[in-house]
Amino acid sequence: MAKEFVMSDIEQEIRKTWIPAFESNPAEDKEKFYINVAFPYPSGAMHVGHGRTYIVPDVVARFWRMRGMQVLFPMAFHVTGAPVLGIAKRIANKDEKTLKLYGGLYRVPQETLDSFTDPIVIVNYFADEYERVMKQLGLSIDWRRRFTTIIPQYSKFIEWQYSHIYGQGKVVKGEYPVRYCPNCDQPVGDHDLLEGDSAEIMHFVFVKYPFGEFFIPTATLRPETIFGVTNLWVNPEVTYVKAEVDGEKWIVSREAAEKLRMQKHTVIETGMISGADLVDKAATHPISGAAVPILPASFVDPDMGSGLVMSVPAHAPFDYIALRDLQQEGKYTDIVPIPLVTVPGFGRIPAQEIVEKNKIPHQDDPRMDELTQELYTAEFSKGKLNENCGVHAGKSVRAAREDVTREFVDTRGSIVFHDMSEQRVICRCGNRVYVKILDDQWFLNYADPVWKEQIHAQLPKVAMVPPEVRAEFARTVDWLKEWPCTRRVGLGTRVPWDPKWLFEPLSDSTIYMSYYTIAHKITGIDAEKLTPAVFDYIFLGIGDCDVLPVDADTLKELRSEFLYWYPYDYRFSAKDLISNHLTFQLFHHRAIFPDELQPKGMVVFGMGLLNGMKMSSSKGNVFLLEDAANEFGADTVRMFLVGSAEPWQDFDWRNELVLSVKKQIERMWQIVLDSSAASGSAPIDAWLISRLQHRIDAATKALSAFQTRQALQEAYNGIVSDLAWYRRRLPEGSSGTAALHEVTSAWIRLMAPVIPYTTEKLWSETGHAGLASFAPWPVADPALVNNAVEVSEELLQRTVEDIQSILKLVQIDAVKVTLFVAPAWKHEVFGIVAAAEDKRNVVKTVMADAGLRSKGKDATDAAVQTVKLIHSLPPELVASIAVGVDEFAIFSAAKEFLERESGLAVEVVAAESSTHPKGRMALPFKPAIVVE
RNA sequence: GCGAGGGUUGCCAAGCUAGGUUAACGGCGCAGGGCUUAGGACCCUGUCUCAAGGAGUUCAUGGGUUCGAAUCCCAUCCCUCGCACCA
């Protein structure tokens, strides 16, 4: 009876021996293998979705360790940034939702929660929790190298990194329109928004119409339509302001004046003017100089653009319908739409056409936005400017828009005005978000074409798993532009040349993989001594180590350890980081390190689902990793997470599936221990051992390619099913042979990377010395592959299945089954067909043989049937059969087995020696079967 | 909208890059049987429709190429991810 299997006991016991064993130092006699993961931001508890991110690299680490590599798998915590500040603030404010999340879902004890008003306490708490859970899951991490990104030594490292990046001119100062919360005095990202995350920043051109001593600017996305302007629109209900904007006198809405201030314009309000007072006055067309009447319209929104709009009734449905409404009242009947764009599919006045075709009754009709979009899109993609457009006539709308914009901005003093596409864009603090131009901002210049080109050249040299992501990287490199790399608030490292700024989180985590190599040794060094020159020596080998603040021996040691591990071999991360972090780190490595130290490979993960739904901490749809490990066992969690889908595919955590994985592990435990007393031998041993070589080979190939699921398919399901057949084929009464020892020894090791606890325990239980985690990975031995035996067992398997399916079909009480084995000449036919390039004309080839031709129709029939048969068999098997299989001998030897399987008397007959009509049906590898 | 990826039999998911191993791996679920009480534990069998080992209809939809397509080509529909101040 096998020992009872209690996973949690085993885990406790084994963990103690592991932790020091996974501390990894340079070993000059061994090849290194350095993998790392995007480090976590510890602001909450880990859920099973995070689990796979760390377990897959651990499986890989364990695999290569067993293959004799010196493996480094480090971990650290990224605490740079602002989110945790907000969390601390909300906890201090007793925000209910936050307290519920942390006290409830994450189960932070009350007294700890009370101290969460300090952001540092939060990250330290969760960093410790991460480490604890990671250890529980058996991750083979070298914990000596743990650090956080705000320790002084790391800050010095970042300063060094940026001394180079800045020195290379890759950090630039610039203007940039951002979403901005005046209340928080901060730019806001998508995740900072309470509402309106679908809003975009739109870039309007202000077209200025002279109006007495003033200008009336109108905001437009379509400046080329200036040639079709018939009038301006003003909202008579709104009070506008007179203001000096950058020294010019303008009339704009109060909101627009406010927005202009945020966009680096000087705005001095000098007075007010009611919209109603502007109605029926006229401004001057900036190009033609004609008078442009100002008309009233209620749809004009003072909170959009300048609060005044130019009217192009021929092409803007809103303008058309507003004008029509007025004209129906008998007003302004002299105004006629001026068409300026011809579009295939539309007549001369598209706006009129589309409004009337859809029978729009008035300007508040909900369909208006949709129609406007439809027309704008059609004009933009297919429209051409007509003869009303002066020098621009004949241009495409696309081209004309660029040209007219440039003309207005460069020569007519227009400005580009930024505004949100929606007004309800609300910061997490509850205040409205505006567009602000930041000028005192530092950018990483990813737009630099030379830098971009370097990364494009680098990409083909980086291994990518899965290969499909390569295209996404290439596209990201093209798409990246200046990245604002500094922030005013948050945790992190100050910008050395401009200390009022801090480096933002994505920018201080691009080359930290190099820091891991020395992390455990550098923490003992006083940060003040870590000058850029010190890092230059360690990472670049520049300078004289005898004249640096740190002693020379230490520096040489650090330098040597860095060079041992670097470059890293694989970096693992979820796929959503491709468009930022994973690409950023390529840029920075390229800028800092020489050719031979560039990243070698990346593995990109899919997403995690919980019961088919996206996991989300804020929605409570998560299953905590620690709970999973406690409930199911660490090995179960590991095997499920790496076995239910390949790493780059999405996986779906469902408890009932996890439970069946747990049973699988228990089954293995049972089988291995039950086999330990087996002895003796049987003919089927050769087959079992032969199959094992294939399983080893396939599992090794799969893991080498990061296919954890495929590897498990071979190493678990494959071996289990081989063992099942082996059992069936054992002589009656035997429960196993000594061959099982060889199988279980290999099996334990094949499974060790995935279920390290169980296998570690089994390894010692089955009498092996040392840790399974460091045992040599099994190697397939080609000499043990026995093709003839595998083919003969294949024949038996197929025949047993056929007999069973026939028995199921015939409704008789059968007592006997007769197998008719195909005659030699049919094997000849098989050989000819197998060898034929073109199986369509193979009958001719067969009949070219004089001996076969003498068989007449029998031969052609056999040839046709053989073609079909061969198409239904695996090519390798066909090749083996063609070499020659003595089916009569195989069936005769297995007669007892066949009788036991079928419960019938079995007779094996050579087809040619029988007159039974069914005998003619026999084909190679497909004996004719008669039950009676 | 733009970019990347995907739609396979009840569910999950192989296979599709190098067309014939494919009615389509494996797992889950379900059904029947066994384990000489019961079973959520284990084992076996079955699980598109008919059927002496065969045949018919299937791999989002509609076309096409081919002796032959889930696999190649075209079009359409649907889904997921990314689209930037950031975890």
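Heavy atoms only: backbone and side chains are in, while hydrogens, waters and symmetry mates are out. Residue numbers begin at 1 in each chain, while the letters A, B, ... track the order of the sequences.
Going from the P atom of B:G10 to that of B:G19 covers 29 Å, rounded to whole Å.
In the set B:C85, B:G53, B:A84, B:A84 carries the atom at the smallest distance from any side-chain atom of A:Leu480. Picking from B:G26, B:C86, B:G54 the nucleotide with the shortest atom distance to the side chain of A:Lys926 gives B:G54.
By the side chain to side chain donor-acceptor pair (under 3.5 Å) test, A:Glu646 is found to be paired with no residue, residues two or more places apart in sequence or in another chain being considered. Partners of A:Lys816 by side-chain contact (heavy atoms from CB on, under 4.5 Å), not counting sequence neighbours, listed by chain and number: A:Thr818, A:Ala905, A:Glu907, A:Glu932.
For the segment residues 41-52 of chain A, the set of residues with a heavy atom within less than 4.0 Å of an atom of RNA chain B comprises A:Tyr41, in numerical order.
The closest donor-acceptor contact from the side chain of A:Arg52 to the backbone of A:Arg638 lies at 3.5 Å or more, if one exists at all.
Each of A:Ser660 and A:Gln710 lies near RNA chain B, and the nucleotide nearest A:Gln710 is the one positioned closer to the 5' end.
The side chain of A:Lys481 places no N or O atom within less than 4.0 Å of a non-bridging phosphate oxygen (OP1 or OP2) of B:A84. For B:A4, the OP1/OP2 oxygens have no side-chain nitrogen or oxygen of A:Arg470 closer than 4.0 Å.
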Determine whether A:Cys485 and A:Trp501 satisfy the following criterion, side chain to side chain contact (heavy atoms under 4.5 Å, CB included), listing intermediate values before the conclusion.
CA-CA 9 Å; A:Cys485 62; A:Trp501 291 101; over 6 Å; no
What are the atom names and distances for every N/O pair under 3.5 Å that joins the protein to nucleotides 43-46 of chain B?
{"from": "B:C43", "atom 1": "OP1", "to": "A:Arg667", "atom 2": "NE", "distance (Å)": "3.0"}
{"from": "B:C43", "atom 1": "OP1", "to": "A:Arg667", "atom 2": "NH1", "distance (Å)": "3.4"}
{"from": "B:C43", "atom 1": "OP1", "to": "A:Arg667", "atom 2": "NH2", "distance (Å)": "3.2"}

Between the protein and nucleotides 1-3 of chain B, list the N/O to N/O atom pairs that are separated by less than 3.5 angstrom.
{"from": "B:G3", "atom 1": "O4'", "to": "A:Arg475", "atom 2": "NE", "distance (Å)": "3.3"}
{"from": "B:G3", "atom 1": "O2'", "to": "A:Arg475", "atom 2": "NE", "distance (Å)": "3.0"}

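Pairing analysis of RNA chain B (Watson-Crick: purine N1 to pyrimidine N3 plus N6-O4 or O6-N4; G-U wobble: N1-O2 and O6-N3; both under 3.5 Å) yields stems of 3 or more pairs at B:1-7 with B:77-83, B:10-12 with B:26-28, B:29-34 with B:42-47, B:48-50 with B:54-56, B:60-64 with B:72-76.
Annotation: the span from A:Ile158 atom CD1 to A:Thr149 atom OG1 amounts to 8.0 Å, rounded to 0.5 Å.
The base of B:C42 is not paired with the side chain of A:Gln670 by any donor and acceptor separated by under 3.5 Å.
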